[in-house]
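Residue numbering restarts at 1 for every chain, and letters A, B, ... go by the order of the sequence lines.
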Amino acid sequence: MTVRTRFAPSPTGSLHIGNVRSGLFAYLYARHNHGKFILRIDDTDRERSTQESLDEILTDLKWLGLEWDEGPPDPRYFQSNRLDRYRGSARQLLREHKAYPCYCTPVELDAKRKAAEKERRKPVYDRKCRGLDFPPELELPDRRAGRNYTIRFAMPTSGETVLEDLVRGRSVFENRELDDLVILRSDGAPTYNFATVIDEADFRITHVVRGDDHVPNTPRQIQIALALGFTPPAFAHLPMVTGPDGAPLSKRHAATSVRAYREGGFFPEALVNYLARLGWSHGDQEIFSRDELVEYFDFAACGKSPGVFNTDKLLWLNFHYLKTRPVAQLAREVKPFIAQRGIAIPGDDAWLEKMVATLRERAKTLVELVDFAGFYLNEKIEIDLKAAAKFLKPEIKEPLSVLASELDAVAGDFNEQAVQSAFEGVLAKFGLKLGQLAQPVRVAITGGTVSPGIYEVIGVLGKRRTVERLNAAVKMIATG
RNA sequence: GGCCCCAUCGUCUAGUGGUUAGGACACCGGCCUCUCACGUCGGUAACGCGGGUUCGACUCCCGCUGGGGUCACCA
């Protein structure tokens, strides 16, 4: 039997980092087994589902490289188009007396729940309507038709349900602990636990991969599947991704959407690599290509305990991918981040590549790289006052001035080689050490005390801008 | 509270009865050096507690403690 896994986001918001990890694991498992990865859209909540969320989720999934074999835009993979199917299954259960109409109102139920909590009893439905007779041809709930009741599933009250989880092992649930959950709402729409069971069966999902917050639902879903005559799928419940305080990862800890990381200058390779290693491991290996992930992935190597999301490690991975990818690619990828700041790149692609090459070991993200590139990209720079006070002193005025004219006099290619000989000439003439000249020059041409190697910077900056900035610094010293 | 689950450095983890408990991030120090990085070398740092089982427990069992998930006409 070919493996079929699925990822089923709700289009009610951005693609969440913790959620997408489950999707990634489902994807890897499918690919590892040469199976299919299915994308289904759980959009039964018409109130909160939006087209924008859907678009964002689809583009971000593609950006991460989680390509699906079946799913949107095929309309069959939207739950909202399957309402009749769910209602048909509800009717089937009703006919077989495995489900029943419940006439309790939300107000009543709420009151019962509160009372139960107060008396320290379990706040479960008391099955009041389960014994009631109902007509064989009972019509399904439909709010517009004034049929404001729900349909509940008649859960077995004895025996046990066993969950053999691929990552967590065996768990046994007493059926009497499970309650009669609503499968059809009073407006006729199915609830999640009902719709998902039917979908997994219809789409022939063999392995349900999801967060372990779904574990308590699983025995209920297994019972519903059995009642419907389905063979339940296998389950793999992944531990949660948490913040440093152990609570599920939320905006309060860090950025939680894939989109935020994308816009923050992270690479999909880094995010995927990081997420894969959070809760899964393969010996001591830290860096994994997509192919390696697919080749090695296995639920047996997944941990059972929750993992803390660690931005530092993600940054380290991102840095790894930043400094090892081809410069041409990096230059291409950094462009939108420059454009976003409204900066026109003062050079061609070859120039941009040279610029990027000098910065790639000094930035962990594309955003950081652009932050660092200001003195290359902008025509005018601002000189840091503290740096100027420390390095642009009267005694360096002459050497800077001479260096400016030496550089200006370079006849051939204005490359690092030429720059270096100009420096050496000035150094010899004034009896200075490189450090004594390099720092003032650095301040003069970058505005600060931190930059790539001074010859590299000048090489990228070019003759005109270097000389101009040097002369401006000389003037600055003169003026005091 | 009921049910289910989890527990190795600060963090991600390796480890499946006998190891100087390994790696990675972060952190600290040396080296490299025109600054900052990169790189490189080294360092600090962990088996939650108590009982068993065993010649021997990080590894197996029980309890405790701590933590998490879930108890909707949300997914």
Side-chain angles (χ1 to χ4, degrees), chain A residues 8-10 12 19 42-45 47-48 79 102 104-106 109-110 113 116-117 119-125 141 148-152 163 165 168-169 171-174 177-179 181-193 195-196 210-219 237 239-240 242 244-248 274 277-287 301 303-317 319 323 359-364 372 387 391 423 433-443 446 448-455 457:
Chain A
S10 291
T12 53
N19 204 227
D42 281 8
D43 60 348
T44 49
D45 189 341
E47 299 284 294
R48 297 190 301 145
Q79 281 190 331
C102 172
C104 299
T105 67
L109 293 171
D110 201 45
R113 198 156 30 235
E117 266 168 40
E119 293 165 43
R120 296 238 175 115
R121 295 191 332 264
K122 329 185 239 194
V124 295
Y125 177 59
N148 284 326
Y149 43 86
T150 63
I151 303 296
R152 281 183 188 273
L163 167 60
D165 195 280
R168 294 153 51 99
S171 298
V172 180
F173 299 85
E174 296 290 337
E177 299 287 345
L178 310 176
D179 53 351
L181 36 77
V182 171
I183 58 176
L184 232 49
R185 295 190 273 244
S186 55
D187 63 359
T191 56
Y192 165 76
N193 280 307
T196 196
R210 57 180 21 167
D212 69 8
D213 50 334
H214 285 279
V215 168
N217 282 330
T218 308
H237 287 100
M240 305 261 83
T242 77
D245 60 356
Y274 178 72
R277 270 294 280 106
L278 183 57
W280 172 82
S281 62
H282 182 70
D284 284 339
Q285 191 170 341
E286 296 286 351
I287 309 286
K304 302 182 205 176
S305 41
V308 177
F309 187 83
N310 184 226
T311 309
D312 278 337
K313 191 151 184 181
L314 207 210
L315 279 165
W316 172 75
L317 275 164
F319 175 58
K323 73 186 179 204
L359 260 20
R360 66 189 324 197
E361 281 171 356
R362 293 172 172 81
K364 289 183 160 68
F372 210 144
F391 293 107
F423 262 75
K433 292 192 167 186
L434 180 54
Q436 296 173 288
L437 183 60
Q439 270 312 76
V441 170
R442 177 168 281 116
V443 174
T446 71
T449 56
V450 171
S451 87
I454 201 69
Y455 305 143
V457 172

Requested in this report: Look only at the side chain of A:Q436 and the backbone of A:K433, and say whether a donor-acceptor pair between them is shorter than 3.5 Å.
Outcome: yes
Query - Pairwise C1' distance for B:C60 and B:U16, with rounding to whole Å - result: 10 Å
Query - Distance in angstrom units between A:R442 CZ and B:A37 C1', rounded - result: 11 Å
Query raised in the report: With a non-hydrogen cut-off below 4.0 angstrom, is A:G279 in contact with a base, only sugar-phosphate, or nothing?
Result: sugar-phosphate
Query raised in the report: With a 4.0 Å cut-off on heavy atoms, is A:F391 in touch with a base, just the backbone sugar-phosphate, or nothing at all?
Result: nothing
Report task. Using the closest heavy atom to pick a nucleotide of RNA chain B for each, name whichever of A:R277 or A:M240 lands nearer the 5' end. Result -> A:R277
Query raised in the report: Using atom C1' of each nucleotide, how far apart are B:G10 and B:C4 to the nearest Å?
Result: 29 Å
Query raised in the report: Using a cut-off of 4.0 Å on non-hydrogen atoms, how would the nucleic acid contact of A:R210 be classed: base, sugar-phosphate, or nothing?
Result: nothing
Query raised in the report: Would you say the side-chain atoms of A:T191 pair up with the backbone N or O of A:V182, donor to acceptor, closer than 3.5 Å?
Result: yes
Query raised in the report: Looking for any heavy atom pair under 4.0 Å, which part of the strands does A:T449 touch: base, sugar-phosphate only, or nothing?
Result: base
Query raised in the report: Looking at the side chain of A:Q439, which of B:C34, B:A14, B:A75 is the nearest nucleotide?
Result: B:C34
Query - Atom pair distance, as rounded to whole Å: CG in A:L278 and C1' in B:C25 - result: 13 Å
Query raised in the report: Which listed nucleotide (B:C12, B:A75, B:C34) is nearest to the side chain of A:S10?
Result: B:A75
Query - Proximal nucleotide (of B:C38, B:A75, B:C71) relative to the A:F319 side chain - result: B:C38
Query raised in the report: Rounded to whole angstrom units, what separation is found between the CZ atom of A:F423 and the P atom of B:U33?
Result: 18 Å
Query raised in the report: If the sugar-phosphate is the primed atoms plus P, OP1 and OP2 and the base is the rest, what is the B/S/- string for nucleotides 3-11 of chain B, using protein heavy atoms under 4.0 Å?
Result: SSSSS---S
Query raised in the report: Using the C1' atom in both, what is the distance from B:U20 to B:C64, to the nearest Å?
Result: 32 Å
Query - Identity of whatever pairs with B:A57 - Watson-Crick or G-U, under 3.5 angstrom - result: none
Report task. With the side chain of A:T150 defined as its heavy atoms from C-beta on, choose the nearest nucleotide among B:C73, B:G22, B:G69. Result -> B:C73
**Report entry** Counterpart residues, side chain to side chain donor-acceptor pair (under 3.5 Å), relative to A:K313 (two or more places apart)
**Finding:** A:E286
Query raised in the report: Any donor and acceptor pair, going by atom type alone, linking the side chain of A:Y125 with main-chain N or O of A:L109 inside 3.5 Å?
Result: no
Query raised in the report: Under 4.0 angstrom, heavy atoms only, what part of the nucleic acid is A:H237 near: base, sugar-phosphate, or nothing?
Result: nothing
Report task. Tell whether A:S186 reaches the base of B:C73 with its side chain through a donor-acceptor pair below 3.5 angstrom. Result -> yes
**Report entry** Separation of the C1' atoms in B:U53 and B:G63, to the nearest angstrom
**Finding:** 15 Å
Report task. Counting heavy atoms from C-beta on, name the nucleotide in B:A37, B:U35, B:U70 closest to the side chain of A:D213. Result -> B:U70
Query raised in the report: So what's B:C9 paired with, Watson-Crick or G-U wobble, going by both distances under 3.5 Å?
Result: none
Report summary line: The ring-ring contact (aromatic ring centres under 6.0 Å, His included) partners of A:F391 (sequence neighbours excluded) come to none
Requested in this report: Please check if the side chain of A:R360 supplies one atom and the backbone of A:A363 the other of a donor-acceptor pair under 3.5 Å.
Outcome: no
Report task. Would you mind classifying the nucleic acid contact of A:N217 as base, sugar-phosphate or nothing, using non-hydrogen atoms under 4.0 angstrom? Result -> base
Query raised in the report: Parallel, tilted or perpendicular for A:Y192 and A:H214, by the 30°/60° rule?
Result: tilted
**Report entry** B:G23 base / A:E286 side chain donor-acceptor hit below 3.5 Å
**Finding:** yes
**Report entry** Mate of B:C3 where both pairing distances stay under 3.5 Å, Watson-Crick or G-U
**Finding:** B:G69
Query raised in the report: Between A:S281 and B:A14, is there a side-chain N or O to OP1/OP2 distance below 4.0 Å?
Result: yes
Query raised in the report: Taking atom P of B:C12 as reference, at what distance in whole Å does atom CG of A:L314 sit?
Result: 14 Å
Query raised in the report: Taking A:D43 for the side chain and A:Q79 for the main chain, is one N or O donor matched with an acceptor at less than 3.5 Å?
Result: yes
Query raised in the report: Where the side chain of A:W316 is concerned, which of B:C73, B:C34, B:C25 is the nearest nucleotide?
Result: B:C25
**Report entry** Length of the line joining A:Y455:OH and B:U33:C1', which is rounded to integer Å
**Finding:** 12 Å
Requested in this report: Scan every strand shown for a Watson-Crick or G-U wobble partner of B:A46, both distances under 3.5 Å, and answer none if you come up empty.
Outcome: none
Requested in this report: Assign each of A:P248 and A:D312 to its nearest nucleotide of RNA chain B by heavy atoms, then name whichever residue's nucleotide is nearer the 5' end.
Outcome: A:D312
Query - Spacing of the C1' atoms in B:G50 and B:G2 (rounded, Å) - result: 27 Å
Query - A:P239 to A:D212 - nearest heavy-atom pair and separation - result: CA-OD2, 3.3 Å
Query - Reported CG-to-CZ distance for the pair A:N217 and A:R210, which is rounded to 0.5 angstrom - result: 6.5 Å
Query raised in the report: At under 4.0 Å between heavy atoms, what does A:P452 touch on the DNA or RNA strands: base, sugar-phosphate, or nothing?
Result: base
Query raised in the report: Counting any heavy atom closer than 4.0 Å, what does A:T242 reach on the DNA or RNA strands: base, sugar-phosphate only, or nothing?
Result: nothing
Requested in this report: In whole angstrom, give me the gap between the P atoms of B:C28 and B:A75.
Outcome: 49 Å
Query raised in the report: Distance-only, no hydrogens or angles: does the A:S186 side chain make a donor-acceptor pair with backbone N or O of A:T150 under 3.5 Å?
Result: no
Report task. Report yes if at least one side-chain N or O of A:K323 is closer than 4.0 Å to OP1 or OP2 of B:A37; otherwise report no. Result -> no
Query raised in the report: Atom CD1 of A:I454 to atom P of B:C34: distance rounded to whole Å?
Result: 12 Å
**Report entry** Nearest-neighbour nucleotide for the A:Y192 side chain, B:A75, B:C73, B:U35 considered
**Finding:** B:A75
Report summary line: In Watson-Crick or G-U wobble terms, with both distances under 3.5 Å, the base opposite B:U19 is none
Requested in this report: Using the C1' atom as the reference point in each nucleotide, state the distance between B:U70 and B:U54 in Å, no decimals.
Outcome: 39 Å
Query raised in the report: For B:C38, what is the paired nucleotide under Watson-Crick or G-U wobble rules, both distances under 3.5 Å?
Result: none
Query raised in the report: What distance separates A:F319 CZ from A:E361 CD, expressed to the nearest 0.5 Å?
Result: 6.0 Å
Requested in this report: Report the nucleotide, chosen from B:A37, B:C34, B:C73, that has the shortest atom-to-atom distance to any side-chain atom of A:L109.
Outcome: B:C73
Query raised in the report: Can you tell me how far P of B:G39 sits from CZ of A:R360, to the nearest Å?
Result: 12 Å
Requested in this report: Please state how far atom NE2 in A:H214 lies from atom P in B:G69, giving the value in whole angstrom units.
Outcome: 13 Å
Requested in this report: Pick the C1' atom in B:U65 and in B:C27, then give their distance to the nearest Å.
Outcome: 30 Å
